[in-house]
Each structure stands twice: as C-alpha cells, then as structure tokens.
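Notes follow the structure.
We're numbering straight along the sequence, starting at 1.
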Amino acid sequence: MKIAYFLGSLNRGGTETLICDICRNYAVTPFDLVCVYRHEGNMSEDFRQTGAPLIRVPKRKGYLRYLLDLRRTFLNEHVGIVHSQTLSNTMFLSIALLGTGIKIVTTFHGHFDSTPWIIRKIVYRTSNYIICVSNHLKEFTEKKWNLPEENKLHVVYNGIDFSKIDSARPSLEFTNQPQRIRLAMVGNFVSGRSQNIIAKSIHLMRQQGIYNFDFYFIGRRADQEARRYDECVQYCEKHQLSNVYFLGSRGDVPELLKTMDGFVYSTEHDTFGIAVIEAIAAGLPIVINDYDVMTEVCNLGLPASNRAIRFFRTDDVVDCADMMRELITDIEESKQKLLADCQSAAAAAKQKYSIEKHIQQLLKLYQSI
C-alpha cells in the first residue's frame, strides 16, 4: 500500500511540520509513501533531509493541465491512497482522481464553518475518511455541517517526532546575553493566534513594575494577514516594550526552546497546537488560554498540584498577566519543584502524542478503507 501526502507548499507551519515528521520516519514507516507538493518553501531542505521521496507538481497555467499532471503522477507512482491536508487540495483530487480507484483521506486542521455548502458536500462525499485532529474539531464540524451521528469523521491526534527536541542543544544565539528569564511563543502571525493578548499582558506587567524577563515571538509575518504582525510590532514600539523581540520564522525552534525558561500561548481558534506540545516536551512550563481545544490537548492526566501547565481566561489580558507573573515567580523561587513538574508533563506528552503512535493510528485507518 502506497500513501501520497499531498501539500500545497513546503513553507513552515503546523501541518508541514507534521508531514515532515512522518517523512523523517520514512525508513520505519509501516507503509510506502511519497510526498507530492506544488511549491518550494522554507522547509524544502528539511523535507529533503528526511530521505523520503518528494515529487513537485507545479501548478501550470490553466487548472486542466495541473489536474492531468496530478493524475499522471499518482498513477505512475502506483498510489493507493492520497492524504490531503486541505479542503482545496481535496477539491483538486476529486477531479484529478475520477475513475482511477485511488482513495482520498482528508485531514481537517482548521474550522471550516464558513466554507460554501457545495464545497463541504464535495469534500465530504469524495473523501473516504475525514480525520479531525481533536475531539473539539470533530464535534464542531458535526454540528456546523449538520452531519449524522454515524459519519466519516475520525479523531487522530497530531504526532510529533520528539527525537528532534530531545537531541537539540541550546541555541548559541543567547550565549553572550545577560542571564534573564526568557519566555517565548511559537506561532505564525495568522488567524487563530492572538499574540496581541500577550503583548498587552506584557505591557500591563511592566506597568506593575515587572521587568525581569524577555519575551520572544517566534513566527513569520504572513503576507495575506500582514496587519496581525504589524499591529503587534507597532503596539510594542508604542509602549516601549524593549524586552519583546520578534525572531520571525525559524528552522531551529527545538534549539530555541532549549534556551527558554517558559512558554506562553494564546489562540482564537486553534484545533490542536503542535507548538504547545513541543514546548511541553522540551520541559518548559507553559501558560495557555483556556480555549476548549487547548484544555483537551493539554489534558495529560497530571495531578492538580502540577504547575507545568497554567490556564488563563481566553482574551483576558489581566488574567494572562497574572499567570505569567506566577510563572516568573515560580521560576525564580521554586525552580526545582517546577522542573520536576515539567519533567512529568514532558513524559506524559511524549507518550500521548508521539509520531510513532500517530503513524500507527493512520495505518489502521488506511487498512480499513
């Protein structure tokens, strides 16, 4: 059985990181695979280093030529299942694969409640299975799409290749900098993220006289949503938040996490949060908003006394600042206790969200088609 993972581009993001981690385990994956994509990106070299087969099928002028190129590629590669990661790619496949007998699996990584009903219908009917990356997303989709109780939706949590985090060494970028508490958020400046909540919380903390930390936003400025990044930068400049830094898109996130003391994350409508689990696995204490999917994904079965994961009320700047202040206090005064809690959380996250477990769950679905 040969699986083709179908991507639009190889630009860095949660979906691309997931597929790259699957490709990184190519030699031991219990099925043959190939990655087919349209555009190169800042993760192209990461994908090539996995050793997994990569095929670029560029979108030519006119959709018909592109669809024929896709069809020819999948047939020549003797692909049995194409695994799409977006609704638009599934739409392409619904035409390109007509009459081939090749099956389609679609993963939902986001909310699609505003998608036109005709696209929902085509994607649902064309896909043999639809994977949701959390129970929250499955329940949301069932309700918004008015799906029957028995449907094609299945929950498979994202998986992470934790070896890249375990083997990472602290970034040399901070070697000669003053020893201050370092906090970070990893996430591109796109809809679904709310970096401005954190910036406002940092401003409030400075007004309260809390200056003993630096904060690093790690993530790219997305051209289609440039205002999100620009507004956050302008806010920090306006309020003279000199302890806030914007590092842009980075290929050394594991190394950067190893130099941090804590992780803060705020979201508007994430559906999983790979960056959050990577931070937990790196042994960092985290502060995160209590959005439904975050409370689900961060449920690691830890005792209530564990301080590795703290929630603040979504969109509540004051509560976010309070949780960040508590975290900084614990880092300063109870570091050994906090370290033990973080080690317990890291072990639980690695057991629940390993890439090996993810691949085995995918295999069961592929075999049942």
Side-chain angles (χ1 to χ4, degrees), residues 10-26 41-52 158-190 193 195 198 213-222 229 243-266 272-288 308-309 324 327-328 331 335 338-339 341-343 345-350 353-356 358:
L10 301 186
N11 275 317
R12 194 171 306 282
T15 300
E16 293 74 20
T17 298
L18 171 64
I19 304 304
C20 190
D21 282 352
I22 293 174
C23 291
R24 191 173 285 112
N25 286 267
Y26 169 67
N42 53 21
M43 284 192 74
S44 293
E45 187 57 31
D46 297 278
F47 272 88
R48 292 191 180 93
Q49 288 179 1
T50 67
N158 287 330
I160 298 167
D161 187 347
F162 293 116
S163 64
K164 64 186 178 183
I165 295 173
D166 294 339
S167 63
R169 295 179 177 274
S171 173
L172 296 177
E173 186 173 340
F174 301 92
T175 302
N176 297 320
Q177 291 191 12
Q179 187 59 46
R180 287 165 54 84
I181 292 174
R182 299 177 185 137
L183 306 178
M185 173 175 172
V186 177
N188 295 327
F189 286 76
V190 295
R193 309 276 156 63
Q195 286 93 341
I198 297 174
F213 69 98
D214 291 324
F215 198 95
Y216 300 87
F217 285 111
I218 304 167
R220 67 181 173 87
R221 176 183 184 269
Y229 177 90
N243 62 330
V244 176
Y245 302 88
F246 295 82
L247 302 187
S249 179
R250 299 290 293 253
D252 59 343
V253 170
E255 288 77 10
L256 291 173
L257 290 177
K258 287 296 181 74
T259 67
M260 300 297 157
D261 298 296
F263 187 86
V264 185
Y265 195 84
S266 182
F272 183 79
I274 287 178
V276 176
I277 300 304
E278 288 186 337
I280 294 172
L284 295 180
I286 70 168
V287 170
I288 188 169
I309 302 171
M324 290 174 65
L327 173 60
I328 290 171
I331 291 172
K335 195 162 187 176
L338 187 60
L339 178 61
D341 285 349
C342 290
Q343 289 173 341
K350 290 175 181 178
Y353 299 118
S354 71
I355 193 65
E356 294 83 5
H358 177 78

Q) Hey, which of Lys350, Lys258, Lys164 is the one that makes salt bridge (charged side-chain N to carboxylate O under 4.0 Å, His left out) with Glu278? A)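 Among the candidates, only Lys164 passes.
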
What's the spacing between [X] [atom1] and [Y] [atom2] if we round to 0.5 Å?
{"X": "Asp252", "Y": "Thr259", "atom1": "CG", "atom2": "OG1", "answer": "9.0 Å"}
{"X": "Phe217", "Y": "Tyr229", "atom1": "CZ", "atom2": "OH", "answer": "10.5 Å"}
{"X": "Ile355", "Y": "His358", "atom1": "CD1", "atom2": "NE2", "answer": "5.0 Å"}
{"X": "Met185", "Y": "Ile198", "atom1": "CE", "atom2": "CD1", "answer": "5.0 Å"}
{"X": "Asn158", "Y": "Ile22", "atom1": "CG", "atom2": "CD1", "answer": "8.5 Å"}
{"X": "Ile331", "Y": "Leu339", "atom1": "CD1", "atom2": "CG", "answer": "11.0 Å"}

Minimum heavy-atom distance between [X] and [Y], given as atom pair plus value:
{"X": "Glu16", "Y": "Phe47", "result": "O-CZ, 3.5 Å"}
{"X": "Cys342", "Y": "Gly283", "result": "CB-O, 3.3 Å"}
{"X": "Ala349", "Y": "Ile280", "result": "CB-CG2, 3.9 Å"}
{"X": "Leu183", "Y": "Met324", "result": "CD1-CE, 4.1 Å"}
{"X": "Ser163", "Y": "Asp161", "result": "OG-OD1, 2.5 Å"}
{"X": "Gly262", "Y": "Leu327", "result": "CA-CD2, 4.4 Å"}

**Polar side-chain atom of Asn42 near backbone of Asn11 as donor-acceptor pair, under 3.5 Å** =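 A pair under 3.5 Å: no.
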
N/O donor-acceptor pair under 3.5 Å between Arg250 side chain and Gly219 backbone
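No, the answer is negative, given that no donor and acceptor are paired below the 3.5 Å cut-off.
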
### Phe215 ring center within less than 6.0 Å of Phe246 ring center
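Here the rings of Phe215 and Phe246 have centres that are no less than 6.0 Å from each other.
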
Check step by step if side-chain contact (heavy atoms from CB on, under 4.5 Å) holds for Leu172 and Glu255. CA-CA 9 Å; Leu172 296 177; Glu255 288 77 10; over 6 Å; no

Q.
Set out, in order, the CA-CA distance, both residues' side-chain angles and the distance that settles side-chain contact (heavy atoms from CB on, under 4.5 Å) for Val276 and Ile274, then state yes or no.
A. CA-CA 5 Å; Val276 176; Ile274 287 178; over 6 Å; no

Check: Any salt bridge between Asp261 and Arg182, counting N to O under 4.0 Å?
Finding: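 Salt bridge: no.
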
Does any non-hydrogen side-chain atom of [Y] lie less than 4.5 Å from one of [X]?
{"X": "Cys20", "Y": "Met43", "value": "yes"}
{"X": "Asp46", "Y": "Thr50", "value": "no"}
{"X": "Tyr216", "Y": "Met260", "value": "yes"}

Evaluate the side-chain contact (heavy atoms from CB on, under 4.5 Å) criterion for residues Ile160 and Ser354: first the C-alpha distance (whole Å), next the side-chain angles of each, then the deciding distance (0.1 Å), finally the verdict. CA-CA 5 Å; Ile160 298 167; Ser354 71; over 6 Å; no

inquiry  = For the residue pair Arg193 / Tyr265, report whether a side-chain donor-acceptor contact shorter than 3.5 Å exists.
reply    =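 Yes.
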
**Item:** side-chain contact (heavy atoms from CB on, under 4.5 Å) between Phe213 and Asn243, intermediate numbers included
**Value:** CA-CA 7 Å; Phe213 69 98; Asn243 62 330; 3.7 Å; yes

